[in-house]
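Below is one structure; the comments refer to it alone.
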Amino acid sequence: MSVALVRPSRPPAAASHRRRTLALALVTTLVAALLAALQTAPAQAAPVLLSQGGAVTASSQENGGTAAGNAVDGDGGTRWSSAFSDPQWLRVDLGSPAALSRVELAWEAAHAKSYRIELSSDGTTWTTAYSTTTSTGGNETLSVSGEARYVRLTGTERATGYGYSLWEFKVFGTRDGGGGPEIPGGGDLGPNVHVFDPSTPNIQGKVDEIFRQQEEAQFGSGRHALLFKPGTYNNLNAQIGFYTQIAGLGLNPNDTTFNGDVTVDAGWFGGNATQNFWRSAENLTLNPVSGTNRWAVSQAAPFRRMHVKGGLNLAPDGYGWASGGYIADSKIDGQVGPYSQQQWYTRDSSVGGWTNAVWNMTFSGVQGAPASSYPNPPYTTLDTTPISREKPFLYLDGDAYKVFVPAKRVNARGVSWDGGTQQGESIPLNRFYVVKQGATAATINAALAQGLNLLFTPGVYHIDRTINVNRANTVVLGLGLATIIPDNGVTAMKVADVDGVKLAGFLIDAGPVNSPTLLEVGPQGASADHSANPTSLQDVFVRIGGAGPGKATTSIVVNSDDTIIDHTWVWRADHGEGWGWETNRADYGVRVNGDDVLATGLFVEHFNKYDVEWYGERGRTIFFQNEKAYDAPNQAAIQNGNTKGYAAYRVDDSVDQHEGWGMGSYCYYNVDPTIIQEHGFKAPVKPGVKFHNLLVVSLGGNGQYQHVINNVGSPTSGTSTVPSTVVNFP
């Protein structure tokens, strides 16, 4: 939205001399040959650790504290142990095929006397790469060779009466010709991460300085993360501008308290908050000075894991326009006032009350949410969120940085952190490659192949090849709206069809050479079942144009089943630099091919053709916000066969089951206000395809909709900015 209303024993002497001469000649010849070989032979890539953090299964486990994953977690203090019987096995999925060189085993006292190391490309057919019947346990390094994706240790005879027990199971090799020197994990967080504790002098001055830089820098290159150690901070008003993340470093939001505010307002834009994008507040407790905190934002500005001991005002001073927004895993003790906010989505939270609504206020799993009453007032309320997993976050455990990865929740309601032990996994920073500005895609991929996760520090990253996330359970976390730009038309990032990848907190900005896609989750034809451990996208944003010319045919393609898309803004620019109907051409926003994909907070805007296309079965969307492209030059430019315009959200005719709640599409065809958009939504008419609480709006009469969905729903009319609604479809 950006309507401002217009985003590597001595011989005799003679003989001795001859031999020395001959030897010298031989040496010279050998050296020359060696040098020639060195000049022509390719360098051999050094093997790297491939198995750490990989998807692992086992024939059994001794008890709940000795799970299979402990053998590949990089922690020498945790172990897998099996049942007390023969045979037993442990299998790791490397995520993609690799050329293997060695396996390292760290046995606990209960080791194997006889075992095999087996390799497989498909997890079904196995070959033996190593075997022994005389192992004495301890630490073993085994040379293996072969190409495989799956590696299995099969124990056939135990050395003790107990089970098989491994501290660590490490597989080394190279992938896609990769390898190289081992990349260290951890390290400092770079110059754009600003860490404060309560004794830091002049916190207010530093925060204000960054705000002055970022307040109006909508398309600037500055990126910042303001991180606050646990403690109490008094008399602080942290104003948050573009590309600025503010967050507490506690494990719980209540560990870091501001007696003060975290503020977003719209003075820079004349009181209009419709361009307050790309910023975030996370993991803090606020005692607002006036009793109410102001967070007047539009898209790509999440409010997560926050505890406001008071009220929350979502409108700018003066109650100018604001459009869009997202709250998750937050507790607002007082009342939330959206006021002039046109639409908003709140998930798995608690509120003390909610005052009003303009067009579309949607809630799922929110304690204290108003009851459904669409369209008057336009509240859509689901008692629970069917599947959710909160965003990973950086925190301090003593003086050590770790990333906490919350567990998946089913039928969630209320916050994840209040009143008990948080469920999830803590990952030490040394298991992350801390990416800093200047890092190349080759280094990033080598770190991933080595088994590291990624922590992007605030900055802008130009890449000349795709970042490939091939290992299950990899975390890719950005700080300060870290931004990835593909310079030569490559896809910025691809995720393999593996379990539990977490992508969070970064922006992909299309480059000037057209990319066929910008983010792919799973390859074409992906079909693995990830229902127990889905991949998630959270606060992953896409921009095409605005900061300069950018092009991409399709922004996000989701091929993996069971993926969770939790808060994304996918935006083809309608202002800034490098935008225009062909200048930042981008035909499609989000395409979903996977089955059982859930979107919670789906914001997709301004694409030349379809904004969202859905081909997978049993897809669900809770809250959708869309604007059609403003800059269509005329009716012919958007003609779709016999249909006037491309739907904002289209479910393919092949789909039998799909459901959506709280979904809106707006048009603002200001280049040619006479354009007619036939409908905002298109879907097959089948019993399993259902929509609830849909709307279309013509902004100021600039273009009109004829229907809401298919040929159902009244047209928008005249110059009035009044929604046309459909409560249930069919």
Side-chain angles (χ1 to χ4, degrees), residues 1 298-300 302 323-328 341-347 357-364 372 374-375 378-382 385-386 388 537-542 555-556 558 563-572 588-592 597-607 609-616 618-629 645-652 655 658-667 677 679-683 689-697 705 707-710 712-713 723-729:
M1 178 67 134
S298 288
Q299 289 82 12
S323 176
Y326 173 90
I327 294 172
Q341 281 284 353
Q342 295 161 332
Q343 71 280 319
W344 197 276
Y345 175 50
T346 307
R347 178 183 62 72
V358 177
W359 294 335
N360 179 18
M361 300 284 134
T362 300
F363 310 84
S364 67
S372 285
Y374 194 88
Y379 294 142
T380 300
T381 302
L382 284 72
T385 304
S388 61
L537 287 65
Q538 300 179 286
D539 304 345
V540 173
F541 309 125
V542 171
S555 290
I556 297 179
V558 178
T563 301
I564 301 170
I565 307 170
D566 178 44
H567 190 226
T568 186
W569 185 37
V570 183
W571 183 63
R572 175 181 168 268
Y588 309 104
V590 175
R591 180 175 293 153
V592 179
V597 173
L598 171 66
T600 52
L602 185 60
F603 300 72
V604 189
E605 297 188 310
H606 304 156
F607 286 84
K609 293 183 178 180
Y610 292 114
D611 297 278
V612 173
E613 292 184 285
W614 211 294
Y615 293 87
R618 297 174 300 280
R620 291 175 290 184
T621 295
I622 305 172
F623 185 87
F624 172 67
Q625 188 270 322
N626 166 263
E627 287 180 345
K628 295 304 299 173
Y646 291 79
Y649 189 107
R650 182 181 80 89
V651 180
D652 191 70
V655 173
H658 189 92
E659 194 160 9
W661 298 262
M663 306 174 71
S665 177
Y666 322 142
C667 73
Q677 178 76 29
H679 43 228
F681 302 86
K682 186 178 186 302
V689 178
K690 303 175 183 178
F691 288 91
H692 316 279
N693 302 350
L694 304 179
L695 68 98
V696 294
V697 177
Y705 291 90
H707 303 285
V708 179
I709 180 168
N710 297 355
V712 176
S724 178
T725 63
V726 166
V727 176
N728 286 298
F729 173 88

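Computation of the quantities below employed the complete heavy-atom set of this structure, encompassing side-chain atoms and omitting hydrogens, waters and symmetry-equivalent molecules. Source: prediction; values computed, not measured.
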So do [Y] and [X] actually touch side chain to side chain, heavy atoms under 4.5 Å?
{"X": "L382", "Y": "F623", "result": "no"}
{"X": "N693", "Y": "V727", "result": "yes"}
{"X": "P386", "Y": "L598", "result": "yes"}
{"X": "T568", "Y": "L602", "result": "yes"}

Residues two or more places apart in sequence or in another chain: which of them pass side-chain hydrogen bond (donor to acceptor under 3.5 Å, both in side chains) with [X]?
{"X": "S665", "result": "N626, Y705"}
{"X": "S372", "result": "none"}
{"X": "N360", "result": "T362"}
{"X": "R650", "result": "E613, Y615, D652"}

Using side chain to side chain contact (heavy atoms under 4.5 Å, CB included) as the criterion, list what pairs up with [X], not counting sequence neighbours.
{"X": "S724", "answer": "V696, V708, S714, T716"}
{"X": "D539", "answer": "P302, R304, K391, F541, H567"}
{"X": "H658", "answer": "W614, Y649, V651, V655, V689, F691"}

Enter the distance from [X]:[atom1] to [Y]:[atom2] here, rounded to the nearest 0.5 Å.
{"X": "M663", "Y": "T380", "atom1": "CE", "atom2": "OG1", "value": "11.0 Å"}
{"X": "Q625", "Y": "L695", "atom1": "CD", "atom2": "CG", "value": "10.0 Å"}
{"X": "F624", "Y": "F681", "atom1": "CZ", "atom2": "CZ", "value": "5.5 Å"}
{"X": "R572", "Y": "D611", "atom1": "CZ", "atom2": "CG", "value": "10.0 Å"}
{"X": "I622", "Y": "E659", "atom1": "CD1", "atom2": "CD", "value": "9.0 Å"}
{"X": "L694", "Y": "N728", "atom1": "CG", "atom2": "CG", "value": "9.0 Å"}

Where [X] and [Y] come nearest, the two heavy atoms and their spacing:
{"X": "G325", "Y": "F603", "answer": "O-CZ, 3.6 Å"}
{"X": "K628", "Y": "H606", "answer": "O-CD2, 3.3 Å"}
{"X": "V542", "Y": "S555", "answer": "CG1-OG, 3.7 Å"}
{"X": "H679", "Y": "N710", "answer": "ND1-O, 3.1 Å"}
{"X": "R347", "Y": "T385", "answer": "CG-OG1, 3.5 Å"}

*Could you tell me whether the side chain of Y345 and the main chain of S364 form a donor-acceptor pair under 3.5 Å?*
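Side chain of Y345 to backbone of S364, a donor-acceptor pair under 3.5 Å: no, none is there.
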
*Test item: S298 side-chain N/O and S323 main-chain N/O as donor-acceptor pair under 3.5 Å*: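 Side chain of S298 to backbone of S323, a donor-acceptor pair under 3.5 Å: yes, one is there.
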
*Could you label the plane-to-plane angle of the F363 and Y379 rings as parallel, tilted or perpendicular, counting under 30° as parallel and over 60° as perpendicular?*
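It falls in the perpendicular class, over 60°.
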
*By ring pair (Phe, Tyr, Trp, His ring centres under 6.0 Å), which residues pair with Y646, not counting sequence neighbours?*
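So Y646 forms a ring pair (Phe, Tyr, Trp, His ring centres under 6.0 Å) with Y610.
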
*Any side-chain donor-acceptor pair under 3.5 Å between W569 and E605?*
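Looking only at side-chain atoms, E605 and W569 do form a donor-acceptor pair, the distance falling under 3.5 Å.
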
